[in-house]
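Shown next, in structure tokens, is the structure this report addresses.
Starting from 1, each residue takes its place in the sequence as its number. Start at 1 and go down the list; that is how both ligands and their atoms are numbered.
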Amino acid sequence: MLVVGSVNVDLVVAAPRLPVPGQTVTGGDVARYQGGKGGNQATAAARLGATVAFVGAVGADDLGSEARSALAAEGIDIAGLVETGRPTGVALIVVDPRAENLIAVAPGANGEVHAPHVTAALGRLAPGSRDVVLACREIPPDGVRAALEIGRKAGAITILNPAPADDLGAETLSLADVLTPNETELALLVGGGTADDDPESAARHLLASGASAGPRVTDRGAPARMPAVVVTLGAAGALIVQTGGAAVVVPAPAIHPVDTTGAGDTFNGALAAGLADGLDLADAVRRAVAAAAFSTTRPGARGGMPTRAELEGFLGGT
Ligand code: RIB
């Protein structure tokens, strides 16, 4: 499978509460973790045993070298991870005792992941019809669109994690077989307002507007029943919405979260890994919800991402 997206180094402060505008809060010592939604999603999939290639950009600096080594150490093909003249992306994160977070990102090199780079890198990687192409934001919209277009042309399953959800045109959305917004992102995609109260209606609205207009059935053994909007609901799990079918809620197992940073990325990486493995959409979502819950039990975006054995054990015990 192929992941096109961002790489950051995360600087994290655990604080007694998240600051409100104009407020300073004092926390513990700063911790440094590998992050960025794309790198996190690639890592989540690789830990679960998927063969993963990553396309993105870092700076020609120490943080960039660290980020490259961390992805390579997970067994990820980083031939498509280039160095640019801008610094490696950095995320400033505050985590509170409820495991909630607040994130500000300085994208740096991620801002250079434009269509020509994505097209050249995916041209070399040559996705096929049994592949999954997963794209996230935190890179420019033309890079996202190129990734989905190439995936669609190759007959691969295309997944778009619209995080953040701004600057995504209807045409880009229509290139995704599966869209995976959280409730806030879903509200933005449908023009604000409704998603928190009624995510199913908002997702149906998105599907009716032509977003996620992918093929209904893939050519692999298990039909994935695309197109779909899969809304991540945090501790409540996920909601699968497809045209012409009843919505399905997949509840999350009860856990005691330490840090929810990267839970959405774990969900997306695990979902893509499941679909690449030939699971149908509902089964892939079930595993992804469990992987995301497990990931919140350790600090750092990637710290709690489970291996396949850890996930099997967790699923066996829930
Ligand atoms: O989704 C979590 C990620 O968002 C963090 O790792 C941070 O880098 C930001 O990109």
Partner set under salt bridge (charged side-chain N to carboxylate O under 4.0 Å, His left out) for D77, not counting sequence neighbours: none
Value rounded to 0.5 Å, distance of CG in L179 from CG in L189: 7.0 Å
Quick check for students: name every N or O atom pair between ligand 1 and the protein closer than 3.5 Å, with distances.
residue, atom, partner, partner atom, Å
ligand 1, 1 (O), K37, NZ, 2.9
ligand 1, 1 (O), D265, OD2, 2.7
ligand 1, 4 (O), K37, NZ, 3.1
ligand 1, 6 (O), D10, OD1, 3.4
ligand 1, 6 (O), D10, OD2, 2.6
ligand 1, 6 (O), G36, N, 3.1
ligand 1, 6 (O), N40, ND2, 3.0
ligand 1, 8 (O), N8, ND2, 3.0
ligand 1, 8 (O), D10, OD1, 2.6
ligand 1, 8 (O), G36, N, 2.9
ligand 1, 10 (O), N8, ND2, 3.0
ligand 1, 10 (O), E138, OE1, 3.0
ligand 1, 10 (O), E138, OE2, 2.6

Ignoring hydrogens and angles, write down the donor-acceptor pairs under 3.5 Å from the side chains of residues 159-170, residues two or more places apart or on other chains.
residue, atom, partner, partner atom, Å
N161, OD1, Q41, NE2, 3.0
N161, ND2, T180, O, 3.1
N161, ND2, T180, OG1, 3.3

Salt bridge (Lys or Arg N to Asp or Glu O under 4.0 Å) between K37 and E185, worked out: CA-CA 15 Å; K37 296 187 195 304; E185 290 150 1; over 6 Å; no
Listed once per pair and sorted, the salt bridge (Lys or Arg N to Asp or Glu O under 4.0 Å) pairs that draw on residues 95-117, sequence neighbours left out: R86-E112, D96-R98
Spacing of L186 atom CG and L239 atom CG [to the nearest 0.5 Å]: 9.0 Å
